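Below: one structure, written as structure tokens.
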Amino acid sequence: KDTQQPNSTHPNYSCVTLKGIYADESHTRLQDFSIKYSEEILNATSLSAKGGGVQNEDKLVLVFNTQGLWESAYGQLELFRSMLDNVLTTSVVPSLLQRQQQNASVPLFVFLTTTAVHPNNYKPGIYEDSRKWTMTQPRVHDINLMSRERIKAFHQHQPQQLRKHLLLVDVEGISLLREEDPMKHGDMRHYGNATNELLLTQLFCSIDKYIQNRSLLQ
């Protein structure tokens, strides 16, 4: 929850979270999340711009992630490319264009990658839970690679006034080294407070650095 005052120099963060809409109940295929997610991002952008009380367009930040661990674990990963492209073209681009046309606050969209998983931590044993057999680090890494690929393509094909408002922050590397800090004993995918603080520091410092550098280039 944002506790900053309207005249604060710190960014105003809004995080879009959607759960349970991507993989079907049988966990055998990846559903098309792009339409639902696009609607949520458009709505979140509108609400943030109206109610954030942010006067400086560089201080409005919206963090989103279209790939949960269950989505990484199940389905055909190659479908993810087109789905992420749909989200970018049907929500991020229209939001930016609309806000610019209205001379209103233009958010910085921050795509957050998915954190690593550590099946060795899972108790009583990964072999006893077939739901998690495909929740492997190679699949998490692959879907993160696809995300970086699509964000890079977006930057290559969109004009400067749009691509400067989309940033990718990678937290996979940090979490990959934090196998010894699970949220609780036997947890393979959630982290303890120390790791969560590191991940938040990575996120916030990356955003602050990006905003500062972007301001210098304007």
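Bear in mind that the values here come from a model prediction, so they are computed numbers and not experimental data.
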Open item on the list: Do Leu176 and Leu200 land in one hydrophobic cluster if side-chain heavy atoms of ILVMFWY residues count as linked below 4.5 Å?
Closed with: no
TODO: Decide yes or no for Leu84 and Phe111: does some side-chain heavy atom of the first lie under 4.5 Å from some side-chain heavy atom of the second?
DONE: yes
Task: For Leu112 against Leu203, the heavy-atom pair lying closest together - done: CD1-CD1, 3.9 Å
Task: Residues which pass salt bridge (charged side-chain N to carboxylate O under 4.0 Å, His left out) with Arg150, listed by chain and number, not counting sequence neighbours - done: Asp85
TODO: Specify the closest pair of heavy atoms between Ile211 and Val61, including all atoms of both residues, with the distance to one decimal.
DONE: CD1-CG2, 4.3 Å
Task: Pro119 and Trp133, any side-chain heavy atoms less than 4.5 Å apart - done: no
- [ ] Calculate, to the nearest 0.5 Å, the distance between atoms CG and OG belonging to Asn43 and Ser91 respectively.
- [x] 11.5 Å
- [ ] Kindly give the heavy-atom pair with the smallest separation between Arg189 and Val117, and that separation in Å.
- [x] CB-CG1, 4.2 Å
TODO: Tell me, with the steps shown, if Leu162 and Leu97 meet side-chain contact (heavy atoms from CB on, under 4.5 Å).
DONE: CA-CA 8 Å; Leu162 292 184; Leu97 291 175; 3.9 Å; yes
Task: Tyr122 side-chain N/O to Tyr127 backbone N/O, donor-acceptor pair under 3.5 Å - done: no
- [ ] Would you give the length of the straight line joining atom CG of Leu145 to atom CD of Glu149, rounded to the nearest 0.5 angstrom?
- [x] 8.5 Å
Open item on the list: Closer than 3.5 angstrom, by distance alone: can the side chain of His118 be matched with the main-chain N or O of Glu180 as a donor-acceptor pair?
Closed with: no
Open item on the list: I need the minimum non-hydrogen distance between His165 and Leu96, along with the two atoms involved.
Closed with: CB-CD2, 3.6 Å
Open item on the list: Looking at every heavy atom in both Phe64 and Val92, which two are closest together, and how far apart are they?
Closed with: CZ-CG2, 4.3 Å
Open item on the list: Check whether His141 reaches the backbone of Gln137 with its side chain - one donor and one acceptor, N or O, closer than 3.5 Å.
Closed with: no
- [ ] Could you tell me whether the side chain of Val93 reaches within less than 4.5 Å of the side chain of Phe154, counting heavy atoms only?
- [x] yes
TODO: To the nearest 0.5 Å, tell me how far Glu128 CD sits from Lys123 NZ.
DONE: 11.0 Å
TODO: Treating Ile, Leu, Val, Met, Phe, Trp and Tyr as nodes and any side-chain heavy-atom pair under 4.5 angstrom as an edge, say whether Leu168 and Ile41 lie in one connected cluster.
DONE: yes
Open item on the list: Donor-acceptor check, side chain of Ser175 to backbone of Ala116, threshold 3.5 angstrom: yes or no?
Closed with: yes
Task: Considering all heavy atoms, the nearest Val140-Thr115 contact - done: CG1-O, 3.5 Å
TODO: Identify whether Phe80 and Leu166 are in the same connected component of the hydrophobic contact network (ILVMFWY, side-chain heavy atoms under 4.5 Å).
DONE: yes
Open item on the list: Measuring from atom OG1 of Thr136 to atom CE of Met188, what distance do you get when rounded to the nearest 0.5 angstrom?
Closed with: 8.5 Å
Open item on the list: Donor-acceptor check, side chain of Ser95 to backbone of Leu42, threshold 3.5 angstrom: yes or no?
Closed with: no
Task: Spatial distance of atom CG (Leu62) from atom CG (Leu108) [nearest 0.5 Å] - done: 9.0 Å
- [ ] Would you kindly confirm whether Ile151 and Met146 end up in one hydrophobic cluster when ILVMFWY residues are joined by side chain heavy atoms under 4.5 Å apart?
- [x] yes
Open item on the list: If hydrophobic clusters are built by linking Ile, Leu, Val, Met, Phe, Trp and Tyr wherever their side-chain heavy atoms come under 4.5 Å apart, do Met83 and Phe109 end up in the same one?
Closed with: yes
- [ ] Could you tell me the separation between the CD atom of Gln98 and the CD atom of Gln101, rounded to the nearest 0.5 Å?
- [x] 7.5 Å
Task: All pairs passing salt bridge (charged side-chain N to carboxylate O under 4.0 Å, His left out) where residues 166-179 contributes a residue, at least two apart - done: Arg148-Asp170, Arg178-Asp181
